[in-house]
Amino acid sequence: MRVDVLYFAWLRERIGLPREEVETEARTPRELAAQLAAMDDWHRAALSDLGAVRVALDQTLSDWDAPLANAREVAFFPPMTGG
Amino acid sequence: MSVLVTGAPFDPAAELAAFGAPGGAGAVVSFSGVVRAEAGRVASLRIEHYPGMTETAITAFGDEAAARFSLSAWRVVHRHGQLAAGDPIMMVITAAPHRVDAFRAAEYLMDWLKSRAPFWKCEIGPDGEARWVDATAEDETALSRW
């Protein structure tokens, strides 16, 4: 399936892209992150330590091992710092 | 019951005046956050957000706060984009029949906004050097009390 993958803050800077369309067979966000990290050094630098990354499926925060199901938009970003 | 996520400066006093005391509220509590200069180490702040998710997430926090604390109304305003030291970053206003609920709801909303609304702060030093602000363990711990 094709998903829109979005990056924010230092992940966006390390990867050098705000979004990209990706063809994937991943079943979970963790599998998708592993596929992306294997693409090149920039993706690896952003996605190798998932303890420092959060993920949202269709704009809702998700666990790493939740089913990707039919999510259209997957976003990776650092822990939030609002307020 | 409203959210404003804006790239433009806002005036907390004008927001509070416009909010009024809806629904016959006996208590209105407001909190506004301001960009700290951090003893000259921060010249400006750039705030990135996730358009769409930001508004949805804040609305969910507000609805939850309204149910838990019997709010008659609430409003959250949050900046994104480029801010200078001293600029208002965000504001929470809550209205309830009684002050305890209005205070607690404002704290609840602040705690959730800090750690679960998709904003990311980047500090720009006087030399132009940019650094992303790290989330703190204290902010995460603050959520556990709710």
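Note on naming: letters A, B, ... go to the chains in the order of the sequence lines (proteins, then strands), and numbering restarts at 1 for each one.
With a 4.5 angstrom heavy-atom cutoff, B/M53 touches chain A via backbone and side-chain atoms both. Heavy-atom distances place both the backbone and the side chain of B/R116 under 4.5 Å from chain A. With a threshold of 4.5 angstrom between heavy atoms, A/R54 does not approach chain B through any atom at all. For a residue to count as touching a neighbouring chain, one of its non-hydrogen atoms must lie under 4.5 Å from one of that chain's; by this rule B/H80 does not touch chain A. Of the atoms belonging to B/D111, not a single heavy atom falls under 4.5 Å from chain A. Of the atoms belonging to A/A52, not a single heavy atom falls under 4.5 Å from chain B.
Taking the six-membered ring where the residue is Trp, B/Y108 and B/W146 present perpendicular rings, their angle passing 60° and hence far from 30°. Using bins of under 30°, 30° to 60° and over 60° for the plane-to-plane angle, the ring pair A/F76/A/Y7 lands in the parallel bin. Between B/F119 and B/H78, the angle of the ring planes stays under 30°, which puts this pair in the parallel group of the 30/60° scheme.
Each of B/I124 and B/W120 belongs to its own hydrophobic cluster when Ile, Leu, Val, Met, Phe, Trp and Tyr are linked at side-chain heavy-atom distances under 4.5 angstrom.
Checking each of B/I58, B/D139, B/T54 against B/L113 for a side-chain contact (heavy atoms from CB on, under 4.5 Å) leaves exactly one that passes, namely B/I58.
Between chain A and the options B/A60, B/A57, B/G52, B/C122, heavy-atom pairs under 4.5 Å are most frequent for B/G52. Among A/P78, A/P79, A/A56, A/A75, the residue making the largest number of heavy-atom pairs under 4.5 Å with chain B is A/P78.
The neighbour count for B/R104 CZ, taken as heavy atoms of other residues, nucleotides or ligands under 6.0 Å away, does not exceed 12.
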